[in-house]
Amino acid sequence: MPQTRRMLAIVTNTREYTKVGYRTGLWLSELTHFMEVAEEAGFDVDIASPAGGYVPIDPESLITSGAAEAVGFETAVQARYHDRAFMDKLQNTMKVADAAPADYAAIYLTGGHGVMFDFIDGAVPEKVAAFFDAGKIVSAVCHGPAGLLNARIEGGAYLLAGRKATSFSWKEEGLAKRADAVPFNLEEEMAKRGADYDKAMLPFGEHILIDERLITGQNPGSAKGVGEAVVKALQAA
């Protein structure tokens, strides 16, 4: 069991796409599902963002139609959205650059299309590499692996090089009608960094890959499984 009982979750500050008018932001269930698993196991989760401060929520992650469970806004997520104390945490998050790997057992990169704009360079890949070099678990879900793309570990190699990893697939991007809005093809870029990329046979199916201290999930439905895998790895340490 690790000495610290804290994890760091990274979320986006980006609220809109650059090429189209859609709003974006954090996909809420990808944070709440992970937090529920971590907290049930006795871990506290701190929330940080690239710029610090306010975190926008992707409006589509708040859909309450009959398809709510398909997009992750089922009862448990609604409860978090109604929770004043939880939502206040998204008003004034800490800056990623201010987080010290020594204070945490793991880092977790949430998704939502916003991360494709502010996870790519700067503090996020730098902090991811610092966590990995410090022997910590690095995890991500859906679009969160965008923060892994430019993470270079000790020696200069890409963290993804030669490691099994997954993310929101390009086929899923097309089905979500965002292929013309995103700044790059995440699946393709991960492969360019040398990742041994894999995805579920069917779009939007739960899919989690574990490669030692790197744990990744494909889509919103994989967030809980990523949390479970991280907790299991930490409990076995």
Side-chain angles (χ1 to χ4, degrees), residues 1-12 26 30-50 52 55 89 93-111 115 118-167 190 193-197 208-218 222-237:
M1 187 67 69
Q3 292 182 339
T4 178
R5 303 287 294 179
R6 296 169 66 194
M7 300 186 197
L8 182 68
I10 310 300
V11 297
T12 185
L26 164 69
E30 292 176 13
L31 174 62
T32 63
H33 284 168
F34 181 90
M35 287 184 66
E36 286 162 8
V37 173
E39 290 170 352
E40 286 177 7
F43 289 89
D44 292 324
V45 180
D46 291 342
I47 304 172
S49 60
V55 176
K89 293 180 180 179
T93 57
M94 67 185 291
K95 290 183 178 181
V96 172
D98 293 337
D103 293 337
Y104 300 96
I107 189 171
Y108 170 64
L109 307 182
T110 65
V115 307
D118 61 4
F119 275 24
I120 300 302
D121 298 306
V124 175
E126 291 173 4
K127 195 63 63 174
V128 164
F131 266 72
F132 195 83
D133 288 339
K136 310 292 183 171
I137 289 177
V138 170
S139 60
V141 76
C142 201
H143 292 90
L148 306 177
L149 290 178
N150 293 326
R152 291 181 180 270
I153 57 177
E154 187 175 1
Y158 284 117
L159 187 157
L160 286 171
R163 292 187 170 86
K164 297 177 182 178
T166 190
S167 70
M190 289 177 70
R193 281 10 177 234
D196 182 4
Y197 186 91
I208 294 139
L209 289 179
I210 303 171
D211 192 319
E212 297 181 343
R213 291 186 290 109
L214 178 63
I215 300 172
T216 52
Q218 183 173 330
S222 304
K224 180 179 180 181
V226 170
E228 291 170 342
V230 170
V231 167
K232 183 177 180 180
L234 291 174
Q235 291 175 335

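On a predicted model such as this, the values are computed, not experimentally measured, just so you know.
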Could you tell me which residues satisfy ring pair (Phe, Tyr, Trp, His ring centres under 6.0 Å) with Phe34, sequence neighbours excluded, listed by chain and number?
Tyr108

Are Ile153 and Tyr158 packed together at the side-chain level, in the sense that at least one heavy-atom pair is separated by less than 4.5 angstrom?
no

Test your reading of the model: is there a side-chain donor-acceptor pair from Tyr197 to the backbone of Ser167, 3.5 Å cut-off?
yes

Whether Lys164 side chain and Asp196 backbone form a donor-acceptor pair below 3.5 Å:
no

Any side-chain to backbone donor/acceptor pair from Thr110 onto Glu30? Under 3.5 Å, distance only.
no

Shortest non-hydrogen contact between Leu159 and Arg163, atoms and distance
O-NH1, 2.7 Å

Answer yes or no: is there a side-chain heavy-atom contact under 4.5 Å between Leu31 and Val55?
no

Just list the side-chain donor-acceptor pairs under 3.5 Å for residues 128-147, sequence neighbours left out, or say none.
unit_1: Asp133; atom_1: OD1; unit_2: Glu154; atom_2: N; d: 3.0
unit_1: Asp133; atom_1: OD2; unit_2: Glu154; atom_2: N; d: 3.2
unit_1: Lys136; atom_1: NZ; unit_2: Tyr104; atom_2: O; d: 2.9
unit_1: Ser139; atom_1: OG; unit_2: Ile107; atom_2: O; d: 2.9
unit_1: His143; atom_1: NE2; unit_2: His113; atom_2: NE2; d: 3.3
unit_1: His143; atom_1: NE2; unit_2: Glu173; atom_2: OE1; d: 2.9
unit_1: His143; atom_1: NE2; unit_2: Glu173; atom_2: OE2; d: 3.4

Between CG on residue Leu209 and OG on residue Ser222, distance to nearest 0.5 Å:
9.5 Å

Quick check against the 3.5 Å criterion: does Arg213 have a side-chain atom that pairs as donor or acceptor with the backbone of Ala106?
no

Test side-chain hydrogen bond (donor to acceptor under 3.5 Å, both in side chains) applied to Glu39 - qualifying residues, sequence neighbours left out:
Arg80

Hey, what do you get for CG (Asp46) to CZ (Arg6), rounding to the nearest 0.5 Å?
4.0 Å

Any chance you could measure His33, atom NE2, to Glu228, atom CD, to the nearest 0.5 Å?
11.0 Å

Under a 3.5 Å distance rule, please check whether Thr216 uses its side chain to pair with a backbone N or O of Thr166 as donor and acceptor.
yes

So do Met94 and Ile47 actually touch side chain to side chain, heavy atoms under 4.5 Å?
no

